[in-house]
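One structure is given here, and the rest of the page talks about it.
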2 protein chains.
Amino acid sequence: MDRRTATIQDVARVAGVSTATVSRTLSKPAVVTKATRDAVLSAVAETGYRVNTTASNLRRQRTGSVIVLLPNIANPFFAQILAGLSSVLTPAEYGMLIADTQSGPDADARLAHYLASGQADGLVLLDGTLSAEVLASPARPPIVMACEWMGSTLPSVRVENARGGALAVGHLAQLGHRRIGHVTGPPANVLTQTRLEGFLSTLRELGLPQNPDWVLEGDFTMDSGAAAARAWLGLTDRPTALFLSSDEMATGFIGEVQRAGLSVPGDVSVVGFDNIEIAQHLAPGLTTIRQPRTQIGVRAAELLLTMIESNSRDAPSEIIEVELIRRGSAGPPPD
Amino acid sequence: MDRRTATIQDVARVAGVSTATVSRTLSKPAVVTKATRDAVLSAVAETGYRVNTTASNLRRQRTGSVIVLLPNIANPFFAQILAGLSSVLTPAEYGMLIADTQSGPDADARLAHYLASGQADGLVLLDGTLSAEVLASPARPPIVMACEWMGSTLPSVRVENARGGALAVGHLAQLGHRRIGHVTGPPANVLTQTRLEGFLSTLRELGLPQNPDWVLEGDFTMDSGAAAARAWLGLTDRPTALFLSSDEMATGFIGEVQRAGLSVPGDVSVVGFDNIEIAQHLAPGLTTIRQPRTQIGVRAAELLLTMIESNSRDAPSEIIEVELIRRGSAGPPPD
DNA sequence: GTGAAAGCGCTAACAA
DNA sequence: TTGTTAGCGCTTTCAC
């Protein structure tokens with residue numbers, strides 16, 4: 001019993017055919033006669049043969065993998081998109097290589113590296129802060145954006161972020177709020193911009209006041225939500241409701257407000273964004289804008305595979321809808 | 001300007017040397033003269049050459065990637081271990097391939113497949129429910145377990161799970177509780193077993209009552225924590241404190257208890273396990289057992305790389321310490 | 001210190 | 001339908 005794994009040569013010898021026939025049998029079984037197919041398959045079983053992916057890839061001038069570039073794997077938000085990506089890529093026999101842009105120093109350089117390296121048949125970008133020039137690379141593989149990106153014309157799977165902001169404000173206004181504030185994500189992030197836009201334009205449409213003091217800066221984390229709560233507590237002229245650009249921030253916000261002895265929604269109404277798992281387990285439940293993250297991953301992967309297989313660098317972008325989820329954290333304003 | 005990327009041949013031609021010299025210059029620069037090294041490096045710059053990893057791997061009989069087998073990428077718990085793994089594997093030029101055992105039907109078969117496929121230089125297992133026999137595979141690559149696994153003798157990075165259970169019970173007992181319950185993870189899971197053991201043995205040591213009605217079954221999710229809360233509410237003879245085998249469950253539990261109009265820790269004290277991010281943002285903050293997940297990933301990756309590079313199938317296992325984090329969710333029992 | 005040459009294991013023309 | 005053959009791009013002896 002040999003320690004080394006069997007090669008296609010071994011199978012060919014055992015089956016009494018050429019290596020080409022073995023290869024054919026495995027990749028397009030219809031093209032060989034049943035007799036040879038049976039012989040080959042039993043030789044495969046006997047030898048325990050598995051194709052050597054590396055050799056196959058080299059010969060076929062492909063890599064069999066897709067690189068996913070994201071800011072932070074540990075963020076549950078991305079983790080769920082990854083799950084969606086994986087559910088499509090794995091069955092299609094593509095490996096998913098994950099590159100964390102936060103772990104290294106220069107994210108742009110990393111991207112440039114991956115573009116040039118030829119280490120992947122395609123790229124999925126989940127980081128909206130990368131610089132666009134990098135993509136000028138001449139022989140780059142197909143790329144799909146799974147987030148918004150200012151001024152990019154790349155094929156993308158995007159969520160109706162502006163509409164999410166609009167839904168949030170609309171809901172709060174309908175509950176009777178007129179003094180509505182916002183906690184943003186990190187300023188450089190496009191999601192931040194778009195949700196803020198939806199927020200502001202809806203205030204305008206509804207004729208509600210726009211007070212710059214009521215727009216607080218966050219960075220999507222729970223910590224920054226808690227900080228926003230402290231800032232809100234310190235305002236002399238507090239808004240009665242807040243739309244926060246992520247559920248994580250909303251969670252941190254609510255916790256801090258409650259620890260200060262105030263009540264949600266009694267003293268302040270809160271609407272988040274994402275509908276992460278915890279939203280329904282908080283007390284009160286978190287009213288939020290649902291964005292289907294697994295689906296974003298699934299569609300992005302499908303788009304990318306289409307591009308890879310048709311050897312195209314372009315594909316129709318896709319918009320994924322958001323939805324308001326009503327729970328207990330938003331109610332009528334205090335009299 | 002050619003569309004195709006430059007090969008080692010192109011570099012050799014431009015530099016006026018052989019391909020062997022180019023290869024040497026790039027892998028062990030010390031072995032060539034400064035003159036040739038300079039010529040080669042400038043030719044590399046000029047042509048924009050990058051080594052073709054696939055070809056290199058084929059020639060060197062390696063794959064350059066590590067497979068990580070886990071139950072569910074979307075789980076933030078695993079996501080953080082992945083971050084740790086990635087922070088070691090990426091700089092070492094290993095790709096990290098992620099295989100989700102939940103997405104396919106037969107996890108054991110998947111594992112067997114990966115073991116035999118030769119698609120990776122090493123494996124990291126994060127799934128404690130896989131069957132041990134599968135590992136009998138003859139020519140398998142190095143494997144590291146980053147979780148406990150009944151009866152396995154594989155090199156592993158483990159956490160002091162039993163001690164965690166003991167710390168939780170000890171803390172609650174010290175606060176004055178004598179009626180202490182437990183919410184477990186899924187029964188098949190080894191973590192479940194070990195934490196339960198720590199829980200039970202400490203009750204015994206401290207002479208506290210062991211009531212089977214006070215041990216509720218969960219599955220680590222927030223939903224199951226909420227369900228446990230409903231079960232607890234339905235008990236005629238309620239424990240005054242609970243140790244839950246995950247922070248997610250504790251979060252779901254607290255939310256549901258609060259929605260029922262009761263208070264934590266006023267009516268019931270809660271201790272979780274993990275110290276996930278939200279623990280400090282709940283109101284009250286969640287008292288819990290900290291396990292350093294990123295570090296688990298880091299150590300597992302380091303262990304695996306050592307094994308790969310020394311071509312060994314064995315390595316000393318490692319235990320990572322846990323720690324009690326005191327916050328507000330555990331207090332004295334109600335009189 | 002450097003070059004020539006032999007493959008790693010596979011697939012896809014092309015020929016038979 | 002099947003076999004022959006020529007590489008994919010690289011690394012590594014083995015000579016010099």
Side-chain angles (χ1 to χ4, degrees), chain A residues 2-41 43-44 47-65 93 116-121 139 141 311, chain B residues 2-41 43-44 47-65 93 116-121 139:
Chain A
D2 199 347
R3 223 197 144 61
R4 298 183 39 66
T5 88
T7 75
I8 202 171
Q9 307 263 16
D10 301 323
V11 179
R13 195 176 325 111
V14 171
V17 297
S18 74
T19 60
T21 299
V22 176
S23 179
R24 276 187 215 108
T25 309
L26 266 23
S27 55
K28 8 186 187 342
V31 90
V32 299
T33 57
K34 179 160 184 350
T36 38
R37 190 166 49 226
D38 292 346
V40 168
L41 292 180
V44 165
T47 54
Y49 171 73
R50 334 266 328 202
V51 309
N52 178 322
T53 326
T54 310
S56 168
N57 285 339
L58 174 58
R59 178 56 232 245
R60 295 163 61 197
Q61 296 286 74
R62 50 164 259 161
T63 69
S65 52
E93 305 262 78
S117 70
Q119 275 191 81
D121 300 329
N311 193 27
Chain B
D2 199 346
R3 224 199 142 58
R4 299 181 37 65
T5 88
T7 74
I8 201 170
Q9 308 262 15
D10 302 323
V11 179
R13 197 177 323 112
V14 171
V17 298
S18 74
T19 60
T21 298
V22 176
S23 178
R24 275 186 215 111
T25 308
L26 266 24
S27 55
K28 9 185 184 346
V31 90
V32 298
T33 56
K34 180 162 186 342
T36 33
R37 190 166 49 223
D38 290 347
V40 168
L41 292 181
V44 165
T47 55
Y49 171 74
R50 333 267 327 203
V51 309
N52 178 321
T53 328
T54 310
S56 168
N57 285 339
L58 174 58
R59 178 58 233 244
R60 293 163 62 197
Q61 297 286 75
R62 54 171 302 219
T63 69
S65 53
E93 306 264 76
S117 69
Q119 277 191 76
D121 299 331

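All values derive from a computational prediction rather than experimental measurement. Each chain gets a letter, A, B and so on, in the order its sequence line appears, and its residues count up from 1.
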Please give, in whole Å, the distance from [N] [atom2] to [X] [atom1]?
X: A/L26; N: C/dT11; atom1: CG; atom2: P; result: 8 Å
X: B/R37; N: C/dG1; atom1: CZ; atom2: P; result: 11 Å
X: A/N52; N: C/dG7; atom1: CG; atom2: C1'; result: 14 Å
X: B/N57; N: C/dC10; atom1: CG; atom2: C1'; result: 15 Å
X: A/Q9; N: D/dG3; atom1: CD; atom2: C1'; result: 13 Å
X: B/R50; N: D/dC10; atom1: CZ; atom2: C1'; result: 16 Å
X: B/R62; N: D/dG9; atom1: CZ; atom2: P; result: 19 Å
X: B/L58; N: C/dC10; atom1: CG; atom2: C1'; result: 8 Å

If you look at every heavy atom in [X] and [Y], which pair is closest and at what distance?
X: A/I8; Y: A/V22; value: CG1-CG1, 3.5 Å
X: A/E93; Y: A/R62; value: O-NH2, 4.1 Å
X: A/A43; Y: A/A15; value: CB-CB, 3.7 Å

Below 3.5 Å between N/O atoms, which protein atoms pair up with nucleotides 12-16 of chain C? Just atom names and distances, please.
unit_1: C/dA12; atom_1: O4'; unit_2: A/R59; atom_2: NH2; d: 3.2

Comparing B/I8 with A/T33, nearest DNA chain D nucleotide closer to 5' gives the residue A/T33
Going by distance alone, is a donor N or O of one side chain under 3.5 Å from an acceptor N or O of the other, for A/S56 and A/T53? no
Polar side-chain atom of [X] near backbone of [Y] as donor-acceptor pair, under 3.5 Å:
X: B/N57; Y: B/T54; value: no
X: B/R37; Y: B/P29; value: yes
X: B/S23; Y: B/T19; value: no

For [N], does either OP1 or OP2 sit under 4.0 Å from a side-chain N or O belonging to [X]?
X: A/S56; N: C/dC10; value: no
X: A/Q61; N: D/dG9; value: yes
X: A/T7; N: C/dG9; value: no

Using a cut-off of 4.0 Å on non-hydrogen atoms, how would the nucleic acid contact of A/T36 be classed: base, sugar-phosphate, or nothing?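 It contacts sugar-phosphate atoms only.
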